[in-house]
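Please read the structure below before turning to the comments.
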Amino acid sequence: MSETWGVYAHIPWCRRRCPYCAFYVEVDRDVPWAAFAKALVAELALRRPEFPGQASTLFFGGGTPSRMPAAHLREVVAAVDASPSAEIAMEANPEDVTPEAISDWLNAGVNRISLGLQTFNPKFAHLLNRACSVQHAQETAAWVSQSGVRSWSMDIIFGLPGQTLADLSEDLERLLETDPPHVSLYGLTIEEGTAFERGFQRGTIVPAPDDLWREMYDLLVERLAERGIQRYEVSNFAKDGHRSKHNELYWTDRPYLAIGPSAHGYTFSGIRWKNVADVGRYLQMPDPTIESERPTGKDRAIDRLFSGLRYVGGVSRTELREKCAQNLSSHAVAKLVQGGWIADDGEKIHLTNAGFPIADTVIVKVLDALTPAEDGSAQPD
């Protein structure tokens with residue numbers, strides 16, 4: 001049994017609420033940082049017996065982890081007791097980034113920074129309620145690039161209301177000028193409960209039509225590849241040696257110890273849990289778990305296919321059979337192969353270049369190919 005696993009820490013506070021975001025966040029007024037860090041460390045100790053050895057990754061997500069004082073970041077990093085070679089990553093908004101802040105984060109143990117830029121275009125930055133100017137975004141990237149951090153990444157959103165292919169091309173050029181070793185793409189989706197959903201219902205927010213969305217995605221893939229930034233997951237692209245090790249844990253079905261309000265975790269024994277999505281309650285609860293379950297073999301196979309097929313490594317039939325007691329109908333998979341969406345070597349299936357842009361549609365068709373294994377057996381990791 002491989003003992004590779006990671007830690008995810010959810011830091012829910014943001015300076016402002018983005019209109020497209022459906023994650024659990026709080027606007028950061030009078031944040032009890034010391035009490036919150038103490039609660040994260042306590043939850044870590046509560047869950048640690050389920051996770052043998054040392055963590056190989058630690059990821060601070062949110063929310064806006066760059067709002068958390070570096071002293072408290074350091075406190076959590078120390079409590080995790082990750083391996084010496086561990087990837088310790090954090091998301092950061094450009095408006096929080098200064099050379100001094102980067103130095104503090106690195107001294108706290110962070111060795112990978114993900115910049116939530118989203119766009120260089122002032123018009124779309126206003127639409128997304130982003131505060132960073134184009135000049136500061138470029139300065140931020142330069143500071144991070146020159147800081148000595150092990151790796152870093154930039155995010156970009158496409159498919160925005162009113163965005164043209166020329167707008168996206170200009171955004172991409174500005175991004176590439178910063179020479180990022182990793183890029184994460186986010187095609188805009190209208191999430192339930194967001195300001196954009198309310199605008200969509202009123203007709204004031206109109207996402208890019210499907211054909212333009214596809215043109216945008218194809219443009220991004222082609223231009224990033226020209227710069228040696230290769231796709232390794234539907235939305236993630238990296239130069240050699242700069243993939244996100246933490247996210248690869250999700251895509252390869254490895255366990256992760258998740259802490260913080262609204263966090264979801266997954267143990268070696270196959271149990272999944274969900275934390276309370278309320279900071280006040282989180283700080284008061286000795287155990288913040290509000291749901292926990294051991295998914296059925298078929299449910300686990302569905303999860304595995306949704307995450308694993310988005311990744312270049314694909315999904316193995318042996319894994320589905322031995323861990324989930326599920327097989328894939330050869331006839332149903334063959335149809336997807338004939339359509340050019342899936343490649344199949346007899347053991348693993350994975351998306352083709354034609355399949356990646358319509359990954360969710362293809363994966364749903366693969367789910368229809370699931371059948372129970374004859375012996376019905378499934379073993380945990």
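A quick note: this is a predicted structure, and the numbers were derived from the prediction, not measured. FYI, side chains are in, hydrogens and waters are out, and symmetry mates aren't considered; it's all heavy atoms of this structure.
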Report task. Answer yes or no: are there more than 12 heavy-atom neighbours, outside Lys239 itself, under 6.0 Å from its atom NZ? Result -> yes
Value for CZ (Arg300) from CD1 (Ile302), rounded to nearest 0.5 Å, stands at 13.5 Å
Any chain of hydrophobic side-chain contacts (each under 4.5 Å) joining Leu219 to Ile156?
-> yes
(message) I'd like to know if the side chain of Asn121 pairs up with that of Gln163 as donor and acceptor (distance under 3.5 Å, no hydrogens or angles considered).
(response) no
task = Please tell me if the side chains of Arg243 and Val312 come closer than 4.5 Å, counting only heavy atoms from C-beta onward.
result = yes
Closest non-hydrogen atoms of Leu73 and Ala108, given as atom of the first, atom of the second and distance, are CB-CB, 4.3 Å
- Item | Carboxylate-amine/guanidinium proximity below 4.0 Å for Arg294 and Asp299 | no
>> Under a plain distance cut-off of 3.5 Å, with no hydrogens placed, do Arg112 and Ser244 share a side-chain donor-acceptor pair?
In response: no
- Query: Linking I/L/V/M/F/W/Y whenever their side-chain heavy atoms sit closer than 4.5 Å, directly or via other members, would Ile190 and Phe124 fall into one cluster?
  - Reply: yes
Worksheet item: Between Trp213 and Phe158, what is the ring plane arrangement, given parallel below 30°, perpendicular above 60°, and tilted in between?
Response: tilted
task = Examine the side chains of Tyr266 and Asp253 and answer whether a donor and an acceptor come within less than 3.5 Å of each other.
result = yes
- Message: Any donor-acceptor pair under 3.5 Å linking the side-chain atoms of Ser330 with those of Arg317?
- Response: no
Same apolar cluster (I L V M F W Y, side chains within < 4.5 Å links), Leu168/Tyr20 | no
Review point. Is the count of non-hydrogen atoms from other residues, nucleotides or ligands lying under 6.0 Å from Asp240 atom CG greater than 12?
Key: no
Closest heavy-atom pair, Ala332 versus Ala369, reported as atoms and distance to 0.1 Å, is CB-CB, 3.5 Å
**OP:** Step by step, work out the side-chain contact (heavy atoms from CB on, under 4.5 Å) result for Leu351 and Ile342.
**Re:** CA-CA 5 Å; Leu351 293 175; Ile342 287 286; 3.8 Å; yes
Are Ile157 and Ile205 connected, step by step, through hydrophobic side chains (Ile, Leu, Val, Met, Phe, Trp, Tyr) whose heavy atoms are closer than 4.5 Å? yes
What one should report as the nearest heavy-atom pair of Arg17 and Glu26 is NH2-CA, 4.4 Å
Problem set entry | Worked check of side-chain contact (heavy atoms from CB on, under 4.5 Å) between Phe306 and Val364 | CA-CA 8 Å; Phe306 260 118; Val364 168; 4.2 Å; yes
Heavy atoms of other groups near Tyr24 OH, more than 12 under 6.0 Å | yes
So, Tyr232 versus His182, ring centres under 6.0 angstrom or not?
yes
Smallest heavy-atom separation, Val234 atom then Ala359 atom, equals CG2-CB, 3.7 Å
Between the CD atom in Glu139 and the OG1 atom in Thr98, the distance rounded to the nearest 0.5 Å is 11.5 Å
To the nearest 0.5 Å, atom OG of Ser169 lies from atom CG of Leu176 at 9.5 Å
Notebook entry, point to check: Looking at Arg254 and Glu248, does any basic side-chain N land under 4.0 Å from a carboxylate oxygen?
Noted result: no
Scanning both residues in full, the closest heavy-atom pair of Leu127 with Pro19 reads O-CG, 3.5 Å
Practice task
Could you check Thr119 against Asp171 for side chain to side chain donor-acceptor pair (under 3.5 Å), going step by step and ending with a plain yes or no?
Solution key: CA-CA 6 Å; Thr119 180; Asp171 241 2; 2.7 Å; yes
Practice prompt. Evaluate side-chain contact (heavy atoms from CB on, under 4.5 Å) for Thr289 paired with Asn275, printing each intermediate quantity in order.
Written response: CA-CA 4 Å; Thr289 307; Asn275 281 353; 4.2 Å; yes
Output for pair (Ile229 CD1, Asn236 CG), nearest 0.5 Å, gives 12.0 Å
Exercise. Please answer: with hydrophobic residues joined when any side-chain heavy atoms are less than 4.5 Å apart, are Leu165 and Leu224 in the same cluster?
Key: yes
| query | Are any non-hydrogen side-chain atoms of Trp13 and Val31 less than 4.5 angstrom apart? | reply | yes
Separation between CZ (Arg15) and CZ (Arg67), nearest 0.5 Å, reads 4.0 Å
Taking every heavy atom of Gly116 against every heavy atom of Asp155, the minimum-distance pair comes out as CA-OD2, 3.8 Å
Would you tell me whether His10 and Tyr8 have side-chain atoms, one donor and one acceptor, within less than 3.5 Å of each other?
yes
### Message
In the structure I gave you, are the side-chain heavy atoms of His264 and Arg272 within less than 4.5 Å of one another anywhere?
### Response
no
**Item:** Ionic contact status for Arg214 with Asp218, cut-off 4.0 Å
**Value:** yes
With under 30° as parallel and over 60° as perpendicular, where do the rings of Trp5 and Phe51 fit, or are they tilted in between? tilted
Please test Leu40 against Ile11 for side-chain contact (heavy atoms from CB on, under 4.5 Å), starting from the C-alpha separation and ending with a verdict.
CA-CA 10 Å; Leu40 291 179; Ile11 315 300; 4.0 Å; yes
| field | Test item: Ser235 and Arg310 side chains (from C-beta on) under 4.5 Å apart, heavy atoms | value | yes
*Can a donor-acceptor pair be found between the side chains of Ser114 and Glu91 at a distance below 3.5 Å?*
no
The reported gap from OG in Ser153 to CG in Leu115 (rounded to nearest 0.5 angstrom) is 8.0 Å
Please verify the inter-ring angle class for Tyr282 with Phe36; under 30° counts as parallel, over 60° as perpendicular, anything in between as tilted.
tilted
More than 12 heavy atoms of other residues, nucleotides or ligands under 6.0 Å from CG of Asp210: is that the case?
no
> Taking C-beta and beyond as the side chain, do Leu128 and Leu160 meet within less than 4.5 Å on heavy atoms?
Replying inline: yes
